[in-house]
Amino acid sequence: MLDTNVAENSDEDKKITRALYGGNKENRIQQEIVLGIGGIRALHALNIKPLVCHMNEGHSAFLALERIRILIQQGLTFEQAKDIGNFSNIFTTHTPVPAGIDVFGNDLVESYFGKYYREELKISDKQFYQLGTIMNKPPSNFNMAHLAMNMAGMVNGVSKLHGIVSKQMWTEGFPNIPFDEIPIEHVTNGIHTRSHLSTEMSELLGRYLGDDFTAGNGDLETWKAVDEIPDEELWNTHERRRERLVSFARKRLKKQLLSRGASTIEIEAAKEVLNPSALTIGFARRFATYKRATLILRDIERLLEITGNPERPVQFIIAGKAHPQDEEGKKLIQELVSVSKESSFRKRIVFLENYDMNIARYMVEGCDVWLNNPRRPLEASGTSGMKIIANGGLNFSILDGWWDEAYQREFGWKIGNGEEYQNIEYQDEVESRLIYETLEKEIVTTFYDRGEDKLPRKWIHMMKESMKNLGPVFNTGRMVSEYNDKYYINALSRRKFILENDWEEGKKYSKWKADLLKNWKNIKFVSVSEENPKTELKVASSYKLTCEVDLGKLTPEDVAVQIYYGKVDNKNDVNANDFVVMKYTKTNKDLGIHTFEGEIECNNTGHFGYTLRMLPKHSLLNNPFELNLIHWA
Ligand SMILES: *Cc1c(COP(=O)(O)O)cnc(C)c1O
């Protein structure tokens, strides 16, 4: 809908949306203006006025500026409009890879936004460029992820691990805030099960789980019925899809060879690659270098032994595309293509070109094992492995992204134990060996462990465990519910509340915030006293503290005073991660001093330490850390 290639546009503008990647920085900023600003304008032109916006990666973050511009036209100040925007912008960050985040030079930004921020947003250059960074000083670059963070009251990563990695990545932007409390959460990605499920498996699951087995988000109860499927039926359904995959791969390979002008002999031979009943391992994704598509090639001899065993053959189907400007990624493809042409691997390793949704469909529906070996922790979530779950495939992956929280030995395999390495060469060596070892000792043996009836019972058991434990969790139904419950509903009700009576509550909040920011540096702890200073306390007793604070022009309602405490470790550091909120008790008007009280419940044994802190308090705040204000005793 935002295609710029329409007759009314200039020739230059027609090119803006021609290719997703492949343009230069200028093309990129143009695209993001079309997406963010154009997107909001298009919605308004359709008379759709969104109250909540979800910025999926920083690429769309200019939308926050446009939402501010619209409010300014309605008579609000920039600060008011920005504070209000904060209640209803959600930002999901998708990558810890710096190349995945758009950063524009300020000069480039100036040429597109100079007029916009001066005349429309009515702010200074200093104010404007500060929006493009979460750091204290504006650098010479404008970072789209930072813009999104500055504009969103709710920020999340796309897996549990990625939530933590994002905090690490941006900890500089949250000085003085304990790591655990940096306001970046996570909602783990999911896939739309029906879109990736084969017709055969869908019918089978429908028979045993009920036709609407994908309804009801995360319905573990429904999926338990996977156990009712007879092993043989499940296995036959899966095998049929593997056979389809093999014949699809042969056809694609033939087409590739034809277009390359290969010899008749080569083309004839393509008919015989792969084995429809061999253990089939799939690897398909973008060929970003961190995904290490060639890791399995590290020890060619060992790979040959694994794939070449006539009794227990193993084959790989590999597909992927590199970013047009990623020369390293293209080299990986060349390497794979060249190995797959060697006579010893020709029948066992097939590389499919022009990876797209169609190839992906055949692969996720027919592979036995899905291999993923990214360099931890660079895979924010990864989703292709989720697509094989309901199809009965099993995951074999580094503990990164979603697999870090999903893995259990009952239904899949891990590579390593979640280590991170300084020496990349060494890491590749260690992890490639782990791949070979797990293949040899566990995966191949389990797959070929057949009884009289030729069924791999243990394997089928793993398939069932995977389907019923992961199927109801790693899907978009569960994901959207989570966004809904955690963010959307909340954001919507607050936005509605603050917009009543010409943004009355919004304006009040904005003023409160401005006053708080101005006065924060003047607040201080005057005294702290322990009612009953003891060195030893019994479990189940409590430890009472009283403090006096000077809040300057602020009131006791503006702040939360907390006792922050935790265990003392053997280095005498307090590993605090717990807090109790202190209660306001009285004010000495003459001195302008307020008293708060609170007590720590002694629930555990050990040595403890504590400190006190003050945080902003307002019923509209998303969380007490979002203003980046904290005052430690
Ligand atoms: C699912 C999918 C992806 C994403 O795969 P990852 O392993 O998460 O990188 C990429 N391309 C296509 C065509 C897909 O279907």
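Each ligand, and each atom within it, is numbered from 1 in the order the structure gives.
Remark: ligand 1 atoms within the under-4.0 Å shell around heavy atoms of K291 are 6 (P), 9 (O). Within ligand 1, counting atoms from 1 as listed, the ones closer than 4.0 Å to a heavy atom of G382 are 8 (O). Of all atoms in ligand 1, listed by their number and element, those nearer than 4.0 Å to a heavy atom of T383 are 1 (C), 4 (C), 6 (P), 8 (O). Numbered from 1 in the order shown, with element, the atoms of ligand 1 that lie under 4.0 Å from a heavy atom of K387 read 1 (C), 2 (C), 3 (C), 14 (C), 15 (O).
Residues that satisfy the side-chain contact (heavy atoms from CB on, under 4.5 Å) test with T188, not counting sequence neighbours, are S159, H186, W402, E405, F474, R478. Every residue was checked against the salt bridge (Lys or Arg N to Asp or Glu O under 4.0 Å) condition with K255, not counting sequence neighbours, and none meets it.
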Next item on the list: I would like to know whether E429 and R433 meet salt bridge (Lys or Arg N to Asp or Glu O under 4.0 Å); could you show each step before the answer?
Entry: CA-CA 6 Å; E429 182 60 28; R433 271 197 224 165; 3.0 Å; yes
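A salt bridge is absent between R376 and E379: the closest approach of a Lys/Arg side-chain nitrogen to an acidic carboxylate oxygen does not fall below 4.0 angstrom.
Put simply, no part of R286 is less than 4.0 Å from ligand 1, judged by heavy atoms.
We find the CD1-CG distance between I388 and N395 to be 4.0 Å, quoted to the nearest 0.5 Å.
Closest to atom 12 (C) of ligand 1, if we only count protein heavy atoms, is Y355 OH, 3.3 Å. Looking only at heavy atoms of the protein, atom 7 (O) of ligand 1 is closest to S384 OG, 2.5 Å.
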